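Worth knowing before you read on, the calculation uses all heavy atoms, side chains too, and leaves out hydrogens, waters and symmetry mates. The shown structure was predicted, so the numbers you read here are calculated from the model rather than taken from an experiment.
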Amino acid sequence: MKITLGPAQVVAIGPRYEDSYWGQFQFPKLHAGKGGKVLLCFHNGDDVWEELGTADLWFQTENQGESWEALTHASQIVRGVLLPSGDRLVPAARPAKALDMAKIKAPMRVATQTIPSDDIWASSTDTNLLPQPRGAYWDVFGQKHHVYHIADLPEGLFERLNQWPMLRTKAGETEAKPEWATLHGWDTMGLHVSFSQDRKKGIPLMPQCLGNLKMGPDGKLWTAVYWNGLHPSGAFTPFTHVFVLYSEDEGRNWYLQGSVPYTPDPEEYENAYTCCGYAEPDFVFAPDGSMVMLLRTTDVFKGDKEWAPSYITRSTDMGKTWSKPTRYDNIGVLPGMCRLGDAILAIYGRPGIYVRATKDPAGLQWEAPVEVMTPNDRSTEMNEPPTRPNFHQWVGSCCNCTILPLDEHRAMIAYSDFYHSCEDGVRRKSIKTRIVTLEH
C-alpha cells in the first residue's frame, strides 16, 4: 500500500505559543456533516476539566478542506454519526463543576488497623459529607485524588451519575438538542474527584462519553470509553481502564459489553506503574468481522515521561472479551482509526505525528508509519527559541490528532501546529488539515 499526504491546509490561526497556554488552539476534532460537509472544532481555553466543551471554536468546509468557514452558532451545526432513522448523534462535553470544600467535607480513613466489624466504606447520606473513598492517590503536582463508588455517595450531591450528555439532531432538522443517555449494567462505575493543592476545591470528573460513536455491522451503535479509579471488578485501582458499550436504540440507552483492564507489566514497559493505564481508545470493525482497538498509556501525573507506548487489542466476539494488548508503537496519544474499504488507517503521535495502514483482515499486521510531523526538536522554529526547550516546546504541537474517512481511498486528518509562519513573519499557533490518500 502507498500513503500519500496532501498539502497542509490552514483552518485557523491563533496566538503565539509564547503568549498562550496549554489547551488554547489545540485538540481538534473532525465531524461528518450533512451533504458531504466536514466540520472541525477545537479547544480555545485552558486544558482543565472545568472548561471542557466551553471554549470550542467551530469551522466548516464544503470542498474537503480547500477553504474553511467559521461558524458561530454551535446549536445549528449538523454533525455526528448518521443513524438509521436519519438522526445524527454526537457525545456532548460535561464541564466539571468544582465542589466548595469550605462546605463539603472529604474524610479519609487514617486508621492502620481494622477489625471485622468495621465498615471502612460506609455510605454517606449527608450532602455536605463525602463518604470514605474506595481508594486515593497523590499525583506529581501535589493534587490528591479520591475515587468513590457511586452507590456510596449521598443522594442530591451529584446529578445524573448513570447518564451521559448527548446532542441529537433529528432527521430533517438543523438544531442539535441536548439529551441524556442512560447507562445500564455498569455497576462498578465510580466517581473520581481531584482536590486542589490548597484543598479549597474538589473537581468531580462527571460521567461522559469520552469516545467516538460508530455504527456496527450488527446495526447497533458502539463506543469505547475510559474511566479512572475502579477496576471492572469494582476494586480500587489508580489506573484507567477501557469499557466497551453498545446501544440498540440509537444512543438513548447504553449497555456494558466488555472491558480491557490495565495490568502493569514492567517487563513489557519499564514505567508500567507510573503511566495512566489504558485510555483514549478508538476502534474499528475489521474486514474479518472482528473489532480492533488502539489504546494510549501516556500520562505524566503519576511520574511517567511525556510519551509512552500505545497498544493494540482485538475482539472476536463483538467486544465481550479482548486479547492481551500488545505494543503498537513506542508513542501514541489520542490514536484515531477508520476503515477505508478493506484497509484500516490510523493516526497517532507525540512526539511527532504519524499515519499508518494495514490490509490485514484481522487488523493486526501493520505497515511502517508515515511521518506527518517530525519527532525531532522543533523549538528552533519558535519566535523566541529557548536554550534548553521543554518537551512541549520541542514537539511544537499537542499531537492530539483526529481522522475522518471521506471515501474508500481518502481520509482527512487534523492537528495543531504551534509554529505556523504567518505573513508578518511571526509564528503562531494554528489548526491544520491534510488529505491522506491510500492506494490499495
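Side-chain atoms of Ser247 do not come within 3.5 Å of backbone N or O of Leu221 as any donor-acceptor pair. Under the 3.5 Å distance criterion, the side-chain polar atoms of Thr402 are left unmatched by any main-chain donor or acceptor of Ala414. Of the possible polar contacts, none joining the Arg327 side chain to the Asp329 backbone as a donor-acceptor pair under 3.5 Å is found. Listed for the Thr313 side chain is no donor-acceptor partner under 3.5 Å among the backbone atoms of Trp322. At distances below 3.5 Å, at least one donor-acceptor pair connects side-chain atoms of Thr240 with backbone N or O atoms of Cys276. Using a distance-only test at 3.5 Å, with no hydrogens or angles considered, no donor-acceptor pair links the side chain of Glu408 to the main chain of Gly341. Although no hydrogens or angles enter the test, the distance criterion places no donor-acceptor pair under 3.5 Å between the side chain of Trp68 and the main chain of Gln9. Checked by atom type and distance alone, the side chain of Glu51 pairs as donor or acceptor with a backbone atom of Asp46 at under 3.5 Å.
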Exercise. Hey, mind stepping through Lys305 and Asp299 against salt bridge (charged side-chain N to carboxylate O under 4.0 Å, His left out) and telling me if it holds?
Worked result: CA-CA 7 Å; Lys305 303 170 293 187; Asp299 189 271; over 6 Å; no
- Item | Stepwise side-chain contact (heavy atoms from CB on, under 4.5 Å) check, Arg434 with Tyr415 | CA-CA 9 Å; Arg434 299 179 80 168; Tyr415 56 96; 3.3 Å; yes
For Phe239 and Tyr278, what are the C-alpha separation, side-chain angles and deciding distance, and is it a ring-ring contact (aromatic ring centres under 6.0 Å, His included)?
-> CA-CA 8 Å; Phe239 301 107; Tyr278 295 138; 9.5 Å; no
Run Glu69 and Thr61 through side-chain hydrogen bond (donor to acceptor under 3.5 Å, both in side chains) and show every step you take.
CA-CA 6 Å; Glu69 171 193 7; Thr61 179; over 6 Å; no
Practice item. Please lay out, stage by stage, how Lys34 and Thr169 fare under the test side-chain contact (heavy atoms from CB on, under 4.5 Å). Key: CA-CA 11 Å; Lys34 188 176 181 180; Thr169 305; over 6 Å; no
**Request:** Might you work through the side-chain contact (heavy atoms from CB on, under 4.5 Å) test for Thr237 and Leu230, ending with a clear yes or no?
**Result:** CA-CA 5 Å; Thr237 169; Leu230 289 178; 5.7 Å; no
Show the numbers, then the answer: is there a side-chain contact (heavy atoms from CB on, under 4.5 Å) between Glu268 and Tyr311?
CA-CA 11 Å; Glu268 202 293 317; Tyr311 291 84; 2.3 Å; yes
Quick one: do His392 and Trp22 satisfy ring-ring contact (aromatic ring centres under 6.0 Å, His included)? Show the steps, please.
CA-CA 9 Å; His392 292 164; Trp22 188 256; 3.8 Å; yes
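Side chains of Tyr21 and Gln26: no donor on one and acceptor on the other come within 3.5 Å. Residues Ser379 and Asp377 have side chains that bring a donor and an acceptor to within less than 3.5 angstrom of each other. The closest side-chain donor-acceptor pair between Ser416 and Ser397 falls under 3.5 angstrom. Inspection of the His145 and His192 side chains reveals an N or O donor paired with an N or O acceptor under 3.5 Å. If you check the side chains of Arg410 and Gln64, you find a donor sitting under 3.5 Å from an acceptor. There is no side-chain donor-acceptor pair under 3.5 Å between Thr263 and Asp265. With no hydrogens or angles considered, no side-chain donor-acceptor pair links Arg427 and Ser421 at under 3.5 Å.
Of the inter-residue distances, the one linking Gln257 atom CD with Ser259 atom OG reads 10.5 Å to the nearest 0.5 angstrom. Residue Asp288 holds its CG atom at 12.0 Å from CG of Asp342, rounded to the nearest 0.5 Å. In this structure, CZ on Arg314 lies 12.0 Å from CE on Met291, to the nearest 0.5 angstrom. Separating the CD atom in Glu439 from the CG atom in Leu340 is a distance of 12.5 Å, to the nearest 0.5 Å.
For the residue pair Thr380 and Pro385, the shortest heavy atom distance occurs at O-CG, 3.9 Å. Of all non-hydrogen atoms in Gly363 and Val292, the two that sit nearest each other are O-CG1, 3.6 Å.
Aromatic pair Tyr246/Trp222: centroids less than 6.0 angstrom apart. Side-chain rings of Trp58 and Phe42 stay apart, their centers remaining 6.0 Å or farther from each other. Between His184 and Trp254, the ring centre distance reaches or exceeds 6.0 Å.
Under a cut-off of 6.0 angstrom, the local environment of NZ in Lys302 is crowded, with over 12 non-hydrogen atoms contributed by other residues, nucleotides or ligands. Annotation for Glu270: atom CD counts as buried by contact number, over 12 foreign heavy atoms lying within 6.0 Å. Other residues, nucleotides and ligands place no more than 12 heavy atoms under 6.0 Å from the NZ atom of Lys200.
Residue pairs meeting the side-chain hydrogen bond (donor to acceptor under 3.5 Å, both in side chains) criterion with at least one partner in residues 205-215, sequence neighbours excluded, are Lys29-Asn212, Asn212-Asp282, Lys214-Asp282. Identified under the salt bridge (Lys or Arg N to Asp or Glu O under 4.0 Å) test for residues 385-406, with sequence neighbours left out: none.
Looking at Leu205 and Leu191, their side chains never come closer than 4.5 Å, going by heavy atoms from C-beta outward. Annotation: side chain of Leu295 is not in contact with side chain of Glu280 (no heavy-atom distance under 4.5 Å). Here the side chains of Met189 and Trp227 are in contact, with some heavy-atom distance below 4.5 Å. Residues Leu57 and His43 form no side-chain contact, since every pair of their non-hydrogen atoms from C-beta on lies 4.5 Å or further apart. Within the 4.5 Å cutoff, the side chain of His31 has no heavy atoms near those of the Leu404 side chain. Contact of the Met293 side chain with the Val242 side chain is registered, since non-hydrogen atoms from C-beta on lie closer than 4.5 Å. The side-chain heavy atoms of Ile403 and Leu345, taken from C-beta on, include a pair separated by under 4.5 Å.
Taking 4.0 Å as the cut-off between side-chain N and carboxylate O, Glu159 and Lys97 do not count as a salt-bridged pair. Under 4.0 Å is where a charged nitrogen must lie from a carboxylate oxygen, and between Asp249 and Arg252 no such pair does. A salt bridge does not link Glu173 with Lys170: none of the charged nitrogens is closer than 4.0 Å to a carboxylate oxygen. Between Glu367 and Arg356, no side-chain nitrogen of the basic residue sits less than 4.0 Å from a carboxylate oxygen of the acidic one, so the salt-bridge criterion is not met.
Using a 30° and 60° split on the angle between ring planes, Phe236 and Tyr137 fall in the tilted class, from 30° to 60°.
Scored by the ring pair (Phe, Tyr, Trp, His ring centres under 6.0 Å) test, Phe283 finds Phe285 as partners (sequence neighbours excluded). In terms of the salt bridge (Lys or Arg N to Asp or Glu O under 4.0 Å) criterion, Arg339 has no residue partners (sequence neighbours excluded). Qualifying salt bridge (Lys or Arg N to Asp or Glu O under 4.0 Å) partners for Asp424, counting only residues two or more places apart in sequence or in other chains: Arg428. Checked against ring pair (Phe, Tyr, Trp, His ring centres under 6.0 Å), Phe195 has the following partners two or more places apart in sequence or in another chain: His146.
For the pair Lys429 and Tyr17, the cation does not sit on the ring face, since its NZ or CZ is not both under 6.0 Å from the ring centre and inside 45° of the axis.
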